[in-house]
2 protein chains.
Amino acid sequence: MRKDSRLSGVLHVLLHMAETPDPITSEALAAAMHTNPVVVRRIMAGLRDKGYVRSEKGHGGGWTIAADLATLTLRDIYDALGEPDLLAMGNRTEMPGCLVEQAVNAALGDAFAEAEALLLRRFGEVTLAALSADFHRRYLARGGSPDLEHSHAH
Amino acid sequence: MRKDSRLSGVLHVLLHMAETPDPITSEALAAAMHTNPVVVRRIMAGLRDKGYVRSEKGHGGGWTIAADLATLTLRDIYDALGEPDLLAMGNRTEMPGCLVEQAVNAALGDAFAEAEALLLRRFGEVTLAALSADFHRRYLARGGSPDLEHSHAH
DNA sequence: TTCTCATGTAACTTTATATGTTGCGTGAAA
DNA sequence: TTTCACGCAACATATAAAGTTACATGAGAA
């Protein structure tokens, strides 16, 4: 299974948006992430529906943040993406008639459920404001020279 | 990404094998799991290499357990499968130059690492003997009638 | 009004991976 | 020597993320 990087991607985009009050176009965000504008719009659609971001068409249009980063958590973003699968493994069949498989499912299912709960709990503990603050810490630690530092020129 | 069910499948197979000292053919195991004999051989190959099971060719051949179920853990089986990915999500890029992405990776990476560690810890706590015992509990609870109970006739 | 910019969305392609299938070779027992 | 069963390579299928193309829509600029 190819790993799903939408959460990672959308957080990246949001933190960039947090650095400026001006709208940023899908194209600019896509360039920063080395991907396609349509991909950006696609992963942002869920966030727009939840009201976390706003999009404007036409000249001067683009994406802006529409929520308080101090209350938005990674969990909110994850949910807005449609709660994609967290685990790459699962039981072969749910609700099996075979008792052997029931025993296996019970043991694995418990572990899987715990891991998922742990992830969701962690997601719920991290606000976007905290993430942004961490970025600024790294920014200063790196010397604090101008935007070049967090640009994507490679 | 489609979910990986090899661990679930191989445990199912092992518990069936634990119910009899006689060798069981890939074909019989495949029938129990509603899959293909080649798939069974494929997921069993790693366990054979580790010495957890043995395979014999020819008449009366098939698979037998070659290890002590009381010391074999789900973690051992997981490792024998080649330690497949546990999580369906991951960071977009490892070692990014972008500080924003570094901050995102750090936050998500911590959560991911914790969840993986939790799963591996849980896997290490469950022996195949415990799994088998759980099956026998379920078997008795269900009335304990003959093999029909854990057969796969649907 | 007309042109340009930027999003919205559907449809298609690409890529990666688990799973399913076929075919043939090898060794062991009847 | 025939049959059984595994070993394994090669190919096919299914699914989902990611990338791409094309076109419609709406908003501001000229």
Side-chain angles (χ1 to χ4, degrees), chain A residues 1-10 12-13 17 22-49 52-66 78 81-93, chain B residues 1-10 12-13 17 22-49 52-66 78 81-93:
Chain A
M1 171 195 301
R2 197 178 193 176
K3 288 222 172 188
D4 182 345
S5 64
R6 280 177 294 177
L7 182 56
S8 170
V10 75
H12 187 174
V13 158
M17 289 167 61
D22 299 328
I24 312 184
T25 65
S26 302
E27 193 172 352
L29 292 172
M33 295 180 54
H34 303 113
T35 182
N36 194 292
V38 179
V39 174
V40 172
R41 294 192 190 109
R42 190 146 61 200
I43 65 179
M44 295 289 277
L47 278 71
R48 183 191 53 220
D49 294 344
Y52 302 154
V53 297
R54 218 186 334 259
S55 61
E56 297 292 343
K57 295 180 177 177
H59 284 275
W63 298 88
T64 46
I65 292 182
Y78 167 78
L81 289 179
E83 309 179 29
D85 269 341
L86 292 169
L87 302 184
M89 311 188 59
N91 288 323
R92 226 171 44 81
T93 57
Chain B
M1 125 205 358
R2 198 177 191 174
K3 286 222 173 188
D4 182 345
S5 65
R6 279 177 294 178
L7 182 57
S8 170
V10 75
H12 187 173
V13 158
M17 288 168 62
D22 299 328
I24 312 184
T25 66
S26 303
E27 192 171 354
L29 292 172
M33 296 179 54
H34 303 111
T35 183
N36 193 291
V38 179
V39 174
V40 172
R41 294 192 189 109
R42 192 147 57 198
I43 64 180
M44 294 290 277
L47 279 71
R48 184 192 52 222
D49 294 343
Y52 301 155
V53 297
R54 216 183 340 257
S55 61
E56 298 291 343
K57 295 180 176 179
H59 284 274
W63 298 89
T64 46
I65 290 181
Y78 168 78
L81 289 178
E83 311 179 28
D85 268 342
L86 293 169
L87 302 184
M89 311 188 59
N91 288 324
R92 226 170 45 82
T93 58

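Letters go in sequence order (proteins before strands), and every chain restarts at 1.
- Among the nucleotides C/dT22, D/dT3, D/dA18, the one closest to any side-chain atom of A/D4 is D/dA18.
- Rounded to an integer number of Å, the gap from A/N36 CG to C/dT15 C1' is 15 Å.
- More than 12 heavy atoms of other residues, nucleotides or ligands shown are found within 6.0 angstrom of CD on A/E83.
- Checking the phosphate oxygens (OP1, OP2) of D/dC4, no side-chain nitrogen or oxygen of B/T25 falls inside 4.0 Å.
- Between B/S26 and the phosphate of D/dA5, there is no side-chain N or O to OP1/OP2 separation shorter than 4.0 Å.
- C/dA18 atom C1' lies 13 Å from atom CE of B/M33, rounded to whole Å.
- At distances below 3.5 Å, at least one donor-acceptor pair connects side-chain atoms of B/T25 with backbone N or O atoms of B/A28.
- Across all strands, A/R48 comes closer than 4.0 Å only to sugar-phosphate atoms, never to a base (heavy-atom distances).
- A sub-4.0 Å separation between OP1 or OP2 of D/dA18 and a side-chain N or O of A/S5 is present.
- Rounding to whole angstrom units, CG of residue B/L29 and P of C/dT19 are separated by 16 Å.
- Atom CZ of B/R42 sits about 12.0 Å away from atom OG of B/S26, to the nearest 0.5 Å.
- Counting to the nearest Å, the P atom of C/dA6 and the CG atom of A/D22 are 13 Å from each other.
- Nucleotide D/dC4 holds its C1' atom 15 Å from the CH2 atom of B/W63, rounded to whole Å.
- Residue contacts shown for A/R42 include a base, since a base heavy atom lies under 4.0 Å away.
- Counting only heavy atoms from C-beta on, B/R6 has its side chain closest to C/dA18 among D/dC6, C/dA18, D/dA18.
- OP1 or OP2 of D/dG19 has at least one side-chain nitrogen or oxygen of A/T35 nearer than 4.0 Å.
- With hydrogens and angles disregarded, no donor-acceptor distance shorter than 3.5 Å links the side chain of A/R6 to the backbone of A/P84.
- In this structure, CG in A/L7 is found 12.0 Å from CZ in B/R92, a value given to the nearest 0.5 Å.
- When the P atom of D/dC6 is taken as reference, atom CD1 of B/I43 falls 13 Å away, rounded to whole Å.
- The listed nucleotides are C/dT4, C/dA29, C/dT22; the one nearest the side chain of B/H59 is C/dA29.
- Rounded to whole Å, the distance from NZ on B/K3 to C1' on D/dA16 is 13 Å.
- In this structure, B/R41 reaches the D/dC6 phosphate: one of its side-chain N or O atoms is under 4.0 Å from OP1 or OP2.
- The nearest whole Å value for the distance from the NZ atom in B/K57 to the C1' atom in D/dC6 is 6 Å.
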